Undergrad: 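Encoded as structure tokens, here's the structure I'll be asking about.
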Amino acid sequence: MPEEEILRQRLDKLGRLREEEGYDPYVHETWDVKHTLNQIRAEHDDIEVDQNRKDVELSVAGRLMTVRKQGKASFANVQDETGNMQLYFQLDAMGEEGYRFFKKWIDAGDIVGIEGHPFRTKRGELTIAVTRCVLLCKAIRPLPEKWHGLTDMEIRYRKRYLDLMSNPEVRDVFRQRAKIVASVRKTLEDHGTLEVDTPILSYLAGGANARPFVTHHNALDLDMYLRIATELHLKRLVVGMMGRVYEMGKNFRNEGMDAMHNPEFTAMEVYWPYCDYNDMMDLTEEIIRKAAMDANGTTTVTWQGTELDLSRPFRRVTMVDLVKEHCGVDFDAIETDAQARSIAEGEGLAVEGNESKFKVLLMMIEEFVEKKLVQPTFVMGHPTEISPLSKRDPEKPDYTHRFELFVCGSEVANGFSELNDPIDQRARFEDQARLKAEGDDESHPFDEDFINAIEQGLPPTGGLGIGIDRLIMFLTDSRSIRDVILFPTMKPKA
RNA sequence: GGACCGUUAGCUCAAUAGGCAGAGCACCUGACUCUUAAUCAGGGGGUUACAGGUUCGAUUCCUGUACGGUCCA
């Protein structure tokens, strides 16, 4: 049946309901919901077969998902946000008029208010024996198939409301998401960290190496950017003596989409003055462990068949040591860039042009190591060249006190001791500007006011960013980032 | 960006060595006072994603496009 035909039929029925009964299903504003369905299931589990507790008055509301109409007695299943329950409609209990109205006008997909008593059928199912059924809202589009649910991934993402109503387990993922987010906030706040809001719309998109989305402010006649990170604003707050601060919110990066990337995603960034990257690694572990406990009640996680043990300390190992371990190459012994390039080529890596040895080190990590980091692993010691905001390792100034956390081959967190030497910071930005001039559109922009801020004096500070969507993916065993974002970015269909 | 796969009724899926496009759910009519994927009887519902090509004939074969999925970069 064409969709318009279904709509036409339902609109026709709606018209007849208004005409013949003088009943408008869209005028209702409230229903006194006294019980949720799960609550009833828990409280009246002791009712025996064939027993009807007429002394108990129930009042619930929800969407009818299946309807089994018979002559003078019918059944249906109603769903609310906690679960679903069978309803028993019986002429004798509802009265002639109430039963007739139900049978003639109420259909699967409609929203109803129900009053009745708990009882258990001969087949043993806890059921509400309906005394009153009020049509609170009429649906004029059909439900997805009741047995298989909605399986078409495209429709599930584009019309999430259909996915949520017909696949209850999807709602559980987003409940877990809320628990994880709350848990992260609680952990941070337990450590005296203040939640703040910094601009999403900004005239400079810094704090990470990524291409921003560009928009335009008409009144100012100014191109503006959606933020790619919160870092530079949060560190200004530390300069301003706000102490420990964090922000959890959306970042936007103008890049490809796949199972791990959505153009808009949720990140949490936190900055603690007088702490370093080791403290941030400790904090990362604490946040993740507590989130797992709060969401799942355990620190053992299975993601797509791989068991992850979050209870043990996460391994901490430098990039140089990882390349030594996985490729047998000692970068500390490499003198020149050319030497590094030829070694990488010997390992089968296509190195083009004049990559520095530090860029080659990064490429080797990405190519040969990252995928193998299944259990949570802090990769440390990133080259200064690729870390324009990180403090140098005083022992090895070409490297920084930085880490990234990898889980199942994916980056979940990134943190470092913050660079607070304003002279060095200016030089790093100048390097980035040079890269930009050479055509690198992911180079970090030069932010003069940020330099001014740290010229005022940024205390020694540890900073950390966590990819919240990815963390949620691992804790909810979700294959794609789209499964943990309610309305993922989709290309328009037509 | 590349490779592969998918797109048939609102939903879940069939079908043809190239020959009238089918089922279940949902929808409409009727029967039924313990059903639960209710059942029974009847009915309506299709530009087979879109655009071309080959052919007497294309949903099926070919080319392209769109959207989606999986893997790779």
Side-chain angles (χ1 to χ4, degrees), chain A residues 1-17 47-52 63-79 84-96 98-100 102-110 116 119-130 138-159 161-163 165-167 255-262 304 348-352 363 366-368 370-371 409 478-483 488-494:
Chain A
M1 184 180 290
E3 201 163 7
E4 316 85 69
E5 177 63 13
I6 294 179
L7 269 173
R8 196 197 56 72
Q9 261 181 17
R10 295 229 165 178
L11 284 169
D12 182 61
K13 184 163 187 175
L14 175 64
R16 283 185 287 121
L17 171 62
I47 292 181
E48 288 163 19
V49 168
D50 233 1
Q51 184 188 3
N52 186 345
R63 187 186 300 278
L64 292 182
M65 299 305 288
T66 59
V67 179
R68 299 176 287 285
K69 289 182 184 173
Q70 303 172 49
K72 297 190 173 72
S74 301
F75 291 87
N77 276 77
V78 67
Q79 167 184 277
N84 78 90
M85 183 161 290
Q86 179 166 264
L87 304 175
Y88 181 40
F89 300 87
Q90 195 188 25
L91 186 140
D92 300 342
M94 297 175 73
E96 192 108 13
Y99 188 78
R100 182 197 65 83
F102 159 75
K103 209 178 156 188
K104 181 156 185 186
W105 299 111
I106 296 180
D107 301 293
D110 291 348
F119 99 112
R120 195 177 292 281
T121 63
K122 288 189 170 67
R123 297 284 190 86
E125 178 156 351
L126 188 63
T127 298
I128 298 174
V130 177
K138 191 126 191 73
I140 58 174
R141 285 183 189 272
L143 289 170
E145 215 264 355
K146 65 183 173 189
W147 185 242
H148 301 91
L150 186 67
T151 62
D152 184 301
M153 294 309 285
E154 192 171 346
I155 303 178
R156 289 184 52 206
Y157 294 144
R158 285 185 195 278
K159 302 195 171 207
Y161 47 93
L162 291 179
D163 186 28
M165 79 170 71
S166 89
N167 301 320
E255 52 197 27
M257 293 152 62
D258 61 31
M260 284 289 167
H261 299 84
N262 196 63
Q304 305 296 296
L349 202 59
V351 186
E352 50 177 288
M363 289 166 74
E366 286 174 345
E367 181 67 23
F368 304 118
E370 283 182 5
K371 275 189 285 287
S478 296
R479 160 195 284 275
S480 167
I481 196 166
R482 291 184 158 188
D483 295 323
T489 305
M490 300 288 282
K491 223 167 155 173
K493 188 113 200 210

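In this text, all values refer to a predicted model and were calculated from it rather than measured experimentally. Letters go in sequence order (proteins before strands), and every chain restarts at 1. Hydrogens, waters and symmetry mates play no part in the numbers below; they use all other heavy atoms, side chains included.
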Undergrad: Against the six-membered ring of F89(A), is K69(A) placed for a cation-pi contact (under 6.0 Å from the centre, within 45° of the normal)?
TA: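 So K69(A) doesn't make the cation-pi contact.
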Undergrad: For R482(A), answer base if it contacts any base atom (sugar-phosphate contacts may also be present), sugar-phosphate if it contacts only those atoms, and nothing otherwise; contact means non-hydrogen atoms under 4.0 Å.
TA: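 Result for R482(A) = sugar-phosphate.
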Undergrad: Could you tell me whether the side chain of T121(A) has a donor or acceptor atom within less than 3.5 Å of a complementary atom in the base of rU35(B)?
TA: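 Counting by modelled atom types and ignoring angles, a donor-acceptor contact under 3.5 Å is found here.
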Undergrad: Quick one: label Q90(A) by what it contacts on the DNA or RNA (base, sugar-phosphate, nothing), any heavy atom closer than 4.0 Å.
TA: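 Base: the residue Q90(A), judged by heavy atoms under 4.0 Å, touches a nucleobase.
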Undergrad: Roughly how many Å apart are rU7(B) and rU65(B), using the C1' atom of each and rounding to a whole number?
TA: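 These two C1' atoms come out 14 Å apart once rounded.
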Undergrad: What nucleic acid atoms does F119(A) come within less than 4.0 Å of, heavy atoms only: base, sugar-phosphate, or nothing?
TA: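 F119(A): base contact, heavy atoms under 4.0 Å.
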Undergrad: Among the nucleotides rA26(B), rA37(B), rA73(B), which one has an atom lying closest to any side-chain atom of W147(A)?
TA: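 In terms of side-chain proximity for W147(A), the closest of rA26(B), rA37(B), rA73(B) is rA37(B).
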Undergrad: Name the nucleic acid region contacted by R479(A), choosing base, sugar-phosphate or nothing; use a 4.0 angstrom heavy-atom cut-off, strictly under.
TA: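 Here R479(A) touches the backbone only, sparing every base.
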Undergrad: Under 4.0 Å, counting only non-hydrogen atoms across every strand here, what does G256(A) touch: a base, just sugar-phosphate, or nothing?
TA: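 G256(A): no heavy atom of the nucleic acid under 4.0 Å.
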Undergrad: Does a side-chain N or O of R123(A) approach OP1 or OP2 of rU35(B) to a distance below 4.0 Å, or not?
TA: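 So the side chain of R123(A) is within the cut-off, an N or O lying under 4.0 Å from OP1 or OP2 of rU35(B).
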Undergrad: Could you state the CD1-P distance from I6(A) to rA9(B), rounded to the nearest angstrom?
TA: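 Computing the I6(A):CD1 to rA9(B):P distance gives 11 Å.
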Undergrad: Looking for any heavy atom pair under 4.0 Å, which part of the strands does K122(A) touch: base, sugar-phosphate only, or nothing?
TA: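 Base, at least one base atom sits under 4.0 Å.
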Undergrad: With a non-hydrogen cut-off below 4.0 angstrom, is K13(A) in contact with a base, only sugar-phosphate, or nothing?
TA: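 Answer is sugar-phosphate: K13(A) comes under 4.0 Å of backbone atoms only.
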Undergrad: Which part of the nucleic acid, if any, lies within contact of L7(A), taking any heavy atom under 4.0 Å across all strands shown: a base, the sugar-phosphate backbone alone, or nothing?
TA: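 It contacts nothing in the nucleic acid.
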Undergrad: Describe the nucleic acid contact of R158(A) in one word from base, sugar-phosphate, nothing, applying a heavy-atom distance below 4.0 Å.
TA: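 R158(A): backbone/sugar contact only, no base atoms under 4.0 Å.
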Undergrad: Regarding R10(A), tell me which of base, sugar-phosphate or nothing describes its non-hydrogen contacts under 4.0 Å with the strands shown.
TA: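 Here R10(A) touches the backbone only, sparing every base.
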